[in-house]
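The structure under discussion appears below in the form of structure tokens.
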Amino acid sequence: MPHEDYKEMLAAQALNALEAAEMRDLESHLQSCAECRSQLSEWEGTAAGLAFASLEARPLEPSRQLRGRILEAVRADATGRGFQVGSPLGVGARGTTKDGENSQRRPQPSNVVPLKQPRTWSSAQTWGAIAAGLVLVGLVASLFVLWRQNREARQELARLSAQVSDAQQQLGQQREAIEIVSAPGTRMRELAGTKLMPEAHAMLAYDKSGRAILMAKGLPPAPAGKAYQLWFIVGGKPMPGKVFTTDASGSGALKDQVPPEARNAAVFAVTLEPKNGVQSPTGEMYLTSAS
Ligand SMILES: [Zn+2]
């Protein structure tokens, strides 16, 4: 059985709810699995906490209503067996003779309902309360297990969805990059790191229509509120491009449109700017195509 299946048995084991064969299986798995051992001890702590909380909250004495219902049930049982007051024997005896009336005033053993059965009552009360407590512990524990599984499943789903969407985005960017790079007449320009970050570099590819993709590597993470911005510099005059950020490895990509006047002779540069970009550069230059 895989480790995951054993994990599902741990809560049941903590509540002593496993069959003997399952328990033996689980115990042999526990000898070789530290993760399951530590989860089991967590579950045992939870189960003990639940049992304690439930006994604390519920005194072993049953409520007045429950006690009344038990008494009624026992009385009904006694009636069914002919032990009720006013049995046919008593009625028959009354009115026949004066001796009969006298005898009616003296209770006969067979006419008396046994109202006191202390041992039976207290034992039934105790077992009833323990059973109710165990049912409650079981319900709370199952709810807890379901809640936990549901929460883990949702976290896993969110993580996978984020991964899929990242992968799709990357794939889309790569496809677009390949399209641009392989189109006839596409130009490639290399941007080198300035003295701020000499190991940084980037490639800018743009096709005849100006559709461009920039792929940068080795940039430090942009500080909060900042982003890298691309510039098209023609005749010393910078025209703003779009902004991008980098991932943890220092890589970033950007889709942009090179203005017509920058397609033939321009210097491309990247500076660090406020995260929404600016109309003319204010921050330091990290990358440039000027040699
Ligand atoms: Zn395991």
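Just follow the structure's listing: the first ligand is 1, and inside any ligand the first atom is 1. Residue numbers start at 1 and run along the sequence shown.
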Ring centres under 6.0 angstrom apart (F268, Y206) | yes
If you look at every heavy atom in Y286 and P220, which pair is closest and at what distance?
-> CE2-CG, 3.8 Å
Please list, in chain and residue-number order, the protein N/O/S atoms closer than 2.8 Å to the Zn ion (ligand 1).
-> H3 ND1, H29 NE2, C33 SG, C36 SG
Within a strict 4.5 Å, meaning less than it, do heavy atoms of the L272 and E284 side chains meet?
-> no
Sequence neighbours left out, what passes side chain to side chain donor-acceptor pair (under 3.5 Å) with W231? Give chain and number order.
-> T271
Under the salt bridge (Lys or Arg N to Asp or Glu O under 4.0 Å) rule, what pairs show up with a residue in residues 209-229, not counting sequence neighbours?
-> E179-R211, D207-R211
By side chain to side chain donor-acceptor pair (under 3.5 Å) - contacts of H201 (at least two apart) | none
